[in-house]
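Scroll down for the structure; my scribbles are underneath it.
One-based numbering, in listed order, for ligands and for the atoms of each.
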Amino acid sequence: MDNKTEYKKSNLIMVRYGEISLKGKNRPVFEKKLAGNIRYALRDLGRPRIKMLQGRMIMNAGNMDIQQVIDRLSRVFGIVSISPVHKVAAAVEAIYEEALNSIKQVLENKSSGDSLSFRVTVKRADKSFPVNSMDLSRDLGAYLLEHIPELSVDLHNPDTVVSVDIREGCAYIFSDTRHGPRGLPVGSSGRAVLMLSGGIDSPVAGWMSMKRGIELEAVHYHSFPFTGEKSKEKVLDLCRAMVCYGGKINLSVVHFTEIQKDIQKKCPEEFRVTIMRRFMFRIAQRIAEKKKALALVTGESVGQVASQTLESMNAIGSVTAMPVLRPLVGFDKEQITRLARQIGTYDISIQPYEDCCTLFLPRYPSTKPRVEKVQDAEKNLDVEDLVAGALEKTEEHSFSIS
Ligand code: ATP
Ligand code: MG
């Protein structure tokens, strides 16, 4: 190989997915969903060609910017890892030559003079290939060492792994692998309604649900004019941040002021938070029915605040027969905050705009409300009328990956 030949960048990307392959008969459905989500995530960059290859996808990114493609893919749920790959004929010389190119490329991206430790892994899906995996990795390792003096072998903790994946008639070679977010393709588990406040927790709860393949319909309760435009904008920004992981999210902004005022006027102070939350759940259920969603999602965890005791959850949850998912139930605030930072919602959530719930907070909310007592405290409200009124004033927004 002539050293001066410019190394041609590949436009092929290998995408590995994990859990989908466990799904037995549903597997083709999941694969189709993942391929669809990938296409959707890249739709403003170009139209990739995607080929299924026994539990992997090989994607031809054409003339799209590979780094940009990899960045987008690293947020598509269902993907375990991503590697730019080169495809060569399944012949020992071709594999050697490409592996050498590939590791030279890694070295080029390091500061000059640095050494690089490496290991070779070979997978031989095509057993008719004449050399077995063990022999090929050993011999290829020796060949690379011989040709590049800066290299050293480290089997346990190498800087880079040169991988060779031999299939029928061809081999894929790569030495750069990025993690995907794992999980299941969004949409493969159906749809749920996320109750999205402007706080730190609910966007993380939404992200965790998307990770399990759930497509989100978000609902936000807004108390205009007590909460201003800025607090609504903040929730729109949260949706924009979350949608990078989820293809599309619809948001219903529900005007909650009338309900809150009526509760304040007609209900005993200690039950106001519980009653307000019961309305949130009732309205979320109605939106779920309309949007064909099968569950509600909240950012609650146990014991964080007065309304998050098991007694409160009972009194609130009894207004709906729908399953209520609380993905953060066992997390503490520090773990939630760390995740919020990682997924990019934290900086938006900490902007100091009022949430509707903080406005009408009583001094001493009941931490152990009994369902019968709450029902009694609600008796002067026209529940159906209030719910219908709020639904009528709902404002809808749609978000999709740019
Ligand atoms: P968050 O950080 O998500 O606001 P929190 O710890 O502040 O959660 P609460 O304010 O008690 O807890 O709210 C519990 C959950 O109720 C939220 O995670 C969210 O799912 C829902 N919720 C609260 N306020 C609203 C709102 N204004 N609109 C929609 N959902 C809400
Ligand atoms: Mg909150």
Inset, instruction - Using a 4.0 Å heavy-atom threshold (strictly under), name the region of Leu194 that reaches ligand 1: side chain, backbone, both or neither. - result: neither
Inset, instruction - Give yes if a backbone or side-chain nitrogen or oxygen of Ile200 is under 3.5 Å from a nitrogen or oxygen of ligand 1, and no if not. - result: yes
Inset, instruction - Compute whether any side-chain donor of one residue and acceptor of the other, for Arg16 and Ser83, lie under 3.5 angstrom apart. - result: yes
Legend entry - Atoms of ligand 1, numbered as shown, that sit under 4.0 Å from any heavy atom of Gly199: 1 (P), 2 (O), 4 (O)
Legend entry - Close-contact set for ligand 1 against Val219 heavy atoms, below 4.0 Å: 29 (C)
Inset, instruction - Using a 4.0 Å heavy-atom cut-off, say whether Arg277 meets ligand 1 through its side chain, its backbone, both or neither. - result: side chain
Inset, instruction - Consider every N or O of Gly299 and every N or O of ligand 1, then say whether any pair is closer than 3.5 Å. - result: yes
Inset, instruction - Return yes or no for this condition: an N or O of Met280 is under 3.5 Å from an N or O of ligand 1. - result: no
Legend entry - Sub-4.0 Å heavy-atom contact, Gln308 with ligand 1: yes
Inset, instruction - Give me the one residue out of Lys33, Arg191, Lys291 that meets salt bridge (charged side-chain N to carboxylate O under 4.0 Å, His left out) with Glu215. - result: Arg191
Legend entry - ligand 1 to Thr298 polar contact by distance, N or O atoms, under 3.5 Å: no
Legend entry - Under 3.5 Å side-chain donor-acceptor pair for Ser223 and Gln260: yes
Legend entry - Salt bridge flag under 4.0 Å for residues Arg286 and Glu384: yes
Legend entry - Donor on one side chain, acceptor on other, Ser117 and Ser152, under 3.5 Å: no
Legend entry - Distance-only polar pair, side chains of Ser81 and Thr177, donor-acceptor under 3.5 Å: no
Inset, instruction - Using modelled atom types only, decide if a donor and an acceptor are shared between the side chain of Arg282 and the backbone of Val319 within a distance under 3.5 Å. - result: no
